[in-house]
Amino acid sequence: MNRKTPGPTVEVPSTGVQPGMQALTRGLAVVEMIASAERPPRFTTLLEKTGLPKGTLHRILQTLVDERYIQVDERDQSYRLAAKPFELAHRVWDQFDLRGAAAPELARLSNMTGEAVRLGVLDQSQVLYIDQLDVPQPVRVANGVGSRAALHASALGKAMAAHLGMRDRHQLIDAEQLSAFTGRTITTEEDLHQHLNIIKARGYAIAIEELYEGVAGVAAAILDHRSEPLGAIGIVGPAFRLDAERLHSLGREVIEAARRVSGNIGQLSMSISVNPRPLMTTSSAVNLAIPGEDFLAEGPHWSEAHQRLLWVDILAPSFCTGDPKSGERDCIALPELVGCAVPHAEGGYVVATETGVKLLDEAGGLSVICRPEADRPGNRFNDGKCDRRGRFWLGSLSIDTAPGQGNLWRIDPDGSATLMDSGLSVSNGMGWSPDDRVMYFADSAKREIYAYDFETESGAISNRRVFVTLPEDNGTPDGLAVDAEGGVWVACWDGWSINRYTPDGMVDRVIPLPVPRPTSCTFGGPDLTTLFITTARIRLSSQVLSDAPLSGSVLSVEAGVKGQAETFFGMT
């Protein structure tokens with residue numbers, strides 16, 4: 001079993017500090033260490049990392065507890081932040097100068113794009129523009145600084161609304177008349193809510209001729225320490241220059257600008273930085289199987305009957321099938337976020353959407369099978385797979401990737417849903433050992449892959465333990481597949497690779513890839529020896545995309561080992 005990488009360390013100064021200030025400096029360093037630790041540290045951990053004498057560290061900790069900067073969890077004697085830092089944070093945001101903080105980013109985006117850049121805030125149920133940098137030939141629309149725009153039809157408005165709590169979002173939408181400004185304006189509440197959830201998952205909003213004919217824009221919300229919107233920053237220009245492809249490519253740039261404005265890294269799982277390409281060269285065995293530009297392709301499944309691959313693009317959102325021999329693909333657009341899809345024994349496909357598990361027929365129609373996440377608004381399904389008895393296993397996560405909100409569900413062929421595990425953060429890849437005694441499951445936010453004892457007849461799981469933890473420089477574990485020998489193949493998001501682990505958790509093989517963000521993998525082909533790999537291009541900079549142009553395509557590699565045939569919902 002791989003050993004976990006050590007948590008972050010903070011240097012505790014001991015020399016070079018003004019007399020009388022050493023204790024203060026040490027105390028601040030201890031607070032920072034506790035705040036940045038992956039898990040609340042215990043006294044022995046702090047003692048080891050600070051190198052302070054035991055008595056000194058004890059006095060510092062007790063003072064911080066007394067002053068409400070930290071608190072002790074009596075259950076395991078670990079330390080975590082208390083109320084005082086959060087009280088101070090509220091005061092910081094109350095005094096935050098949004099225009100002043102945003103000025104450098106407005107200039108940077110304007111210089112980079114040559115387009116107008118705007119800063120806006122929510123004012124009642126509209127967007128109020130509070131700053132703008134124009135270009136020599138500005139967009140001729142009457143909404144400069146001091147003017148307002150409809151929340152539902154502007155990129156800045158949608159970006160902010162997407163990050164509101166559901167109650168606040170409903171109040172704003174109820175107060176806003178969803179008027180049609182153009183033929184592309186969203187005018188129904190259901191469509192708008194689903195669209196806002198896609199925006200929240202992507203991290204940015206686009207609007208193409210929704211408020212004015214011929215005008216397009218892209219924006220990201222500026223979030224405070226509670227992940228609530230302070231405002232939004234965006235780029236606006238003529239639609240003929242800012243087409244959909246360019247707007248999406250600028251999505252990462254506005255996210256980065258928004259984060260710089262607030263100094264807030266926002267959702268940790270919404271990564272915009274990419275690990276450098278490893279020094280190892282890309283394997284010559286990696287092939288382009290199905291070209292494409294998927295935002296976030298996921299859940300590949302090989303159909304032996306049709307000799308085709310099926311997968312979803314979570315953020316398009318769409319359901320896709322493709323032929324690796326010809327490179328041809330067909331996609332069905334879906335109205336809401338979709339996490340994965342598997343064939344149904346009686347025809348069509350079972351898809352895990354934002355609002356429930358549904359049957360997708362060949363014509364693109366959707367009908368509800370069950371709604372296991374109905375009691376948890378703000379969650380969506382992510383990866384899923386069927387076991388050999390035709391039961392559909394699904395993991396969920398919070399759309400804003402808040403930790404501990406995800407669940408693991410089992411959907412039986414009769415449509416009943418059973419909660420199998422909870423307290424997960426970013427539910428991801430799953431698979432079963434060849435003897436069906438072990439089930440694997442990844443929690444990407446924790447960089448861990450778990451193993452459960454699995455009971456085939458009842459579908460019960462037990463004895464969850466860590467199978468492997470990925471080091472930070474190896475990327476994040478995403479989707480996975482298990483071969484006929486028991487090897488676990490894992491897509492390493494931001495790791496530029498696919499890793500194979502032996503059943504005892506040791507790295508057995510690393511396949512370098514020409515893309516930074518592989519998302520999942522599955523075995524297919526006539527003899528199940530081809531490993532198909534889905535990839536993503538979401539939130540990659542133009543520089544990274546130029547270096548990794550196959551991002552968003554389906555890749556393949558001859559694995560040298562046979563995979564296990566995938567099953568489908570309801571098969572016996």
Side-chain angles (χ1 to χ4, degrees), residues 1-15 17 21-92 225-227 264-265 267-269 397-398 401-408 421-427 441-453 462-472 476-477 505:
M1 183 179 295
N2 287 7
R3 301 181 63 183
K4 293 185 180 181
T5 55
T9 59
V10 178
E11 183 178 354
V12 179
S14 58
T15 60
V17 181
M21 298 297 291
Q22 191 174 84
L24 174 61
T25 305
R26 286 174 170 175
L28 292 173
V30 170
V31 171
E32 183 180 347
M33 184 178 295
I34 293 171
S36 60
E38 289 187 7
R39 294 179 175 84
R42 301 177 70 177
F43 183 86
T44 52
T45 302
L46 294 171
L47 191 65
E48 177 185 352
K49 290 184 178 296
T50 62
L52 293 172
K54 184 182 293 186
T56 300
L57 177 60
H58 185 272
R59 288 191 294 273
I60 289 174
L61 290 171
Q62 189 58 52
T63 300
L64 292 171
V65 169
D66 292 342
E67 296 299 322
R68 298 188 301 119
Y69 282 90
I70 63 173
Q71 59 185 334
V72 184
D73 189 332
E74 298 296 341
R75 294 171 298 180
D76 60 1
Q77 293 298 303
S78 61
Y79 292 87
R80 64 190 70 214
L81 293 182
K84 193 62 171 285
F86 296 98
E87 293 172 6
L88 295 176
H90 281 286
R91 296 175 190 174
V92 169
H225 62 295
R226 297 165 298 186
S227 292
N264 180 8
I265 62 172
Q267 297 98 321
L268 294 177
S269 296
L397 73 159
S398 172
T401 67
Q405 302 301 303
N407 296 314
L408 176 61
D421 204 352
S422 59
L424 306 166
S425 294
V426 178
S427 302
F441 177 78
D443 190 332
S444 297
K446 297 178 181 177
R447 317 183 72 84
E448 294 177 339
I449 302 171
Y450 301 129
Y452 297 86
D453 292 338
S462 60
N463 187 29
R464 188 179 85 183
R465 65 268 188 195
V466 175
F467 170 67
V468 69
T469 300
L470 266 68
E472 189 170 350
T476 298

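Bear in mind the structure is a predicted one, so any value in this text is a computation, not a measurement.
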Considering all heavy atoms of both residues, which atom of [X] and which atom of [Y] are nearest to each other, and what is their separation?
{"X": "L470", "Y": "T476", "answer": "CD2-C, 4.1 Å"}
{"X": "R39", "Y": "E448", "answer": "NH2-OE2, 3.3 Å"}
{"X": "P477", "Y": "I449", "answer": "CB-CG1, 3.9 Å"}
{"X": "K49", "Y": "M33", "answer": "CB-SD, 3.8 Å"}
{"X": "P41", "Y": "I34", "answer": "CG-CG1, 4.1 Å"}
{"X": "Y79", "Y": "P40", "answer": "O-CB, 3.3 Å"}

Hey, could you give me the [atom1]/[atom2] distance between [X] and [Y], rounded to the nearest 0.5 Å?
{"X": "N407", "Y": "D421", "atom1": "CG", "atom2": "CG", "answer": "8.5 Å"}
{"X": "L24", "Y": "T63", "atom1": "CG", "atom2": "OG1", "answer": "11.0 Å"}
{"X": "L64", "Y": "R59", "atom1": "CG", "atom2": "CZ", "answer": "13.0 Å"}
{"X": "L424", "Y": "Y450", "atom1": "CG", "atom2": "OH", "answer": "6.5 Å"}
{"X": "I70", "Y": "L46", "atom1": "CD1", "atom2": "CG", "answer": "8.0 Å"}
{"X": "T469", "Y": "K446", "atom1": "OG1", "atom2": "NZ", "answer": "11.0 Å"}

Open item on the list: Does atom CD (E48) have a neighbourhood of more than 12 heavy atoms from anything else shown, all under 6.0 Å?
Closed with: no
Counting only N and O atoms by type, is there a donor-acceptor contact under 3.5 Å from the side chain of [X] to the main-chain atoms of [Y]?
{"X": "R42", "Y": "D76", "answer": "yes"}
{"X": "R80", "Y": "S78", "answer": "no"}
{"X": "D443", "Y": "V426", "answer": "yes"}
{"X": "Q71", "Y": "L81", "answer": "yes"}

Task: Those residues that, when tested against S398, pass side-chain hydrogen bond (donor to acceptor under 3.5 Å, both in side chains) (two or more places apart) - done: D400
- [ ] Please tell me if the side chains of L47 and H58 come closer than 4.5 Å, counting only heavy atoms from C-beta onward.
- [x] no
Task: CA sep, side-chain torsions, deciding dist, call: L57, V30, side chain to side chain contact (heavy atoms under 4.5 Å, CB included) - done: CA-CA 9 Å; L57 177 60; V30 170; 4.3 Å; yes
